[in-house]
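What follows is a single structure, written as C-alpha cells, with notes after it.
Whatever order the structure lists them in is the order used to number ligands and atoms, beginning at 1. What you see below is based on every heavy atom in this structure, not just the backbone, and it leaves out hydrogens, waters and symmetry mates.
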Amino acid sequence: MAYRIVLIAGDGIGPEVTAAAKRVVQATGIEFEWDNRLAGQAALDAVGAPLPPETLAAVRNADATLKGPTATPSGTGFRSVNVELRQKLQLYANYRPARSMPGVPSRYENVDLIVVRENTEGLYSGLEHEVVPGVVESLRVVTEPASERIAQFAFDSARDQGRKRVTCVHKANILKLSDGLFLRTCRRVAERYADIQFDDSIIDAAAMKLVLNPKSFDVMVMENLFGDIVSDLTAGLVGGLGLAPSANIGHGVAVFEAVHGTAPDIAGRGLANPTALILSAVLMLRYLGEKDAADRIENAIRTVFTTGKSRTGDLGGKATTEQFVDAVLAEF
Ligand code: NAI
C-alpha cells in the first residue's frame, strides 16, 4: 500500500526544495500518495490562517509529513507555524544529525553527532506577559514527563544507531529548579540504559567544546532554546544550513524538514541547495522503515559531493537546484 505523505511546500525557497526532494524520493520506486497542504504565508494568503485546521488534521493522519520552510508573518498576532505544529501535535523530539559531507569544505572532517532537542516546552511555551509597561516575563517551563520522554528518545536513538554516549546539556548550576529537574530526569533515565554511557555538560562549556573539538560529543540532549541554537552551530560545523536535516517526532506522527528557513534572498531563482530537505526525506524513509531507499539516496548525495560533480552556490558551485537533483539521480 502506498504511504500517505503530506507535502507542505511552504514559503520562499520552500516550493523549490520540496519539489526537488519529492523528485528524488519518487525515484526510489516506492509508492507514495502525496497530499499537498498549505501552511505559512501561502496559507495566510489563500485562506486567512497560517496553519489551517485541515492542514493540521492531514498531518495528524498521514504516515509522515515532508515540510518546506514557512515564514511566520510578524505583527499579525499569529504564532509561529512550527511552534504551533510541534505543540498541537506533540512532536516532542526534534532530531538533528550533523555529519560531515565528504568534499564539502568545513573546519573539521568526520564530524558525526546528533542533537536531540525538546520541542514542546522551555522558553518556547509561548507564555509571555507584560508585568508593567517596560517589563515583560517569558516563562521557561520544564516538566518531568517532557524531560523523561525526550531523555528516553535520546537513549533509544543512541541504542538504535549503535552510538556510545548521551550527554545532557544544561545550565543547572544557575537554573537550579528547571534545569536541575531536566538533569536529574536524564540521570534517572540513563540508569535504564546500561549499554550507553551518560555524562552532562553545562551549555556554555558545551558550546566551546563543540567549536574546539566536535568529536567530544556523540548524542546530545537538551531543552528547546539550547537545542535551537546548538543545532545551528552543529550545522555550521559540517558545511552550513544547506546540508542540515531534521525530524520532528511525536507518537505516531512525524514532520520532516530542513533546519534552514525560507531564504528570501535567493527565493524563486532556482539557486537553493535542496540537500538539507533531501536528507530530511532520507530521515523520513528511515522512519517509515525504508532503509534501502534511504541508503541509496544518501549514498548518491555523498557520491555527488565526493566527486565534486555538482554543487549549488551556497557551497561555492554553480549548479541550479534542478541540476543538483539531476546529478544525484544520475548516481542512483
Ligand atoms: P534562512 O535559513 O532562511 O537563511 C539564512 C541564510 O542561509 C540566507 O543567506 C539564505 O540564503 C541561506 N540559506 C538557507 N537555506 C539555504 C539553502 N537551502 N540553500 C542555499 N542557501 C540557503 O534564515 P532567516 O533568513 O533567518 O529566516 C528567513 C525566514 O525563514 C524567517 O521568516 C524565519 O522565520 C523562517 N524560518 C523558517 C523555518 C522553518 O520553517 N523551519 C526555520 C528557520 C527560519
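- For a threshold of 3.5 Å applied to N or O pairs, the pair formed by Leu271 and ligand 1 contains no separation below that value.
- Under a 4.0 Å heavy-atom criterion, Asp265 is in contact with ligand 1.
- Proximity annotation for atom 20 (C) of ligand 1: of Asp11, Thr275, Ile266, Asp228, Ile266 comes nearest, heavy atoms only.
- The protein non-hydrogen atom at the shortest distance from atom 39 (C) of ligand 1 is Asn82 ND2, 3.0 Å.
- Ala263 CB, 4.0 Å is the protein heavy atom nearest to atom 13 (N) of ligand 1.
- Here Asp35 does not pair with Arg4 in a salt bridge; the nearest charged N to carboxylate O distance is not below 4.0 Å.
- Residue contacts with ligand 1 for Val259 involve N, CA, C or O but no side-chain atom from C-beta outward (heavy atoms, distance under 4.0 Å).
- For atom 7 (O) of ligand 1, the nearest non-hydrogen atom of the protein is Leu241 CD1, 4.1 Å.
- Ranking the protein heavy atoms by distance from atom 14 (C) of ligand 1 puts His260 CB, 3.7 Å first.
- Taking all heavy atoms of Pro264, Pro274, Gly261 into account, the minimum distance to atom 25 (O) of ligand 1 is reached by Pro264.
- Atom 27 (O) of ligand 1 is never approached by the protein to below 4.0 angstrom, counting heavy atoms only.
- Between Glu322 and Arg269 there is no salt bridge, since no side-chain nitrogen of the basic residue lies less than 4.0 Å from a carboxylate oxygen of the acidic one.
- Atoms of ligand 1 lying under 4.0 Å from any heavy atom of Ala272, numbered from 1 in the order shown and given with element: 19 (N).
- For Glu16 and Lys22, the salt-bridge test fails: no basic side-chain N is under 4.0 Å from an acidic carboxylate O.
- Nearest protein neighbour of atom 16 (C) of ligand 1, counting heavy atoms only, is Ile13 CD1, 4.0 Å.
- The shortest contact between atom 33 (C) of ligand 1 and any protein heavy atom is with Thr70 O, 4.8 Å.
- For atom 19 (N) of ligand 1, the closest non-hydrogen atom on the protein side is Asn273 N, 2.9 Å.
- Counting atoms of ligand 1 from 1 in the listed order, those under 4.0 Å from a heavy atom of Lys67 are 40 (O).
- A salt bridge links Glu144 with Arg188: the closest approach of a Lys/Arg side-chain nitrogen to an acidic carboxylate oxygen falls below 4.0 angstrom.
- Salt bridge Lys171/Asp204: present, at least one basic N to carboxylate O contact under 4.0 Å.
- Neither side chain, Arg60 nor Thr55, offers a donor N or O lying under 3.5 Å from an acceptor on the other.
- Between Lys164 and Asp195 there is no salt bridge, since no side-chain nitrogen of the basic residue lies less than 4.0 Å from a carboxylate oxygen of the acidic one.
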Inset, instruction - Could you please spell out the steps behind the side-chain hydrogen bond (donor to acceptor under 3.5 Å, both in side chains) verdict for Thr28 and Gln26? - result: CA-CA 5 Å; Thr28 61; Gln26 297 265 62; over 6 Å; no
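- Residues Glu298 and Lys291 are not paired through a salt bridge, judged by the lack of any N-O separation under 4.0 Å between the basic side chain and the carboxylate.
- Taking a cutoff of 4.0 Å between a charged side-chain nitrogen and a carboxylate oxygen, Arg140 and Asp179 qualify as a salt bridge.
- Under 4.0 Å from ligand 1, heavy atoms of Thr262 appear from its side chain as well as its backbone.
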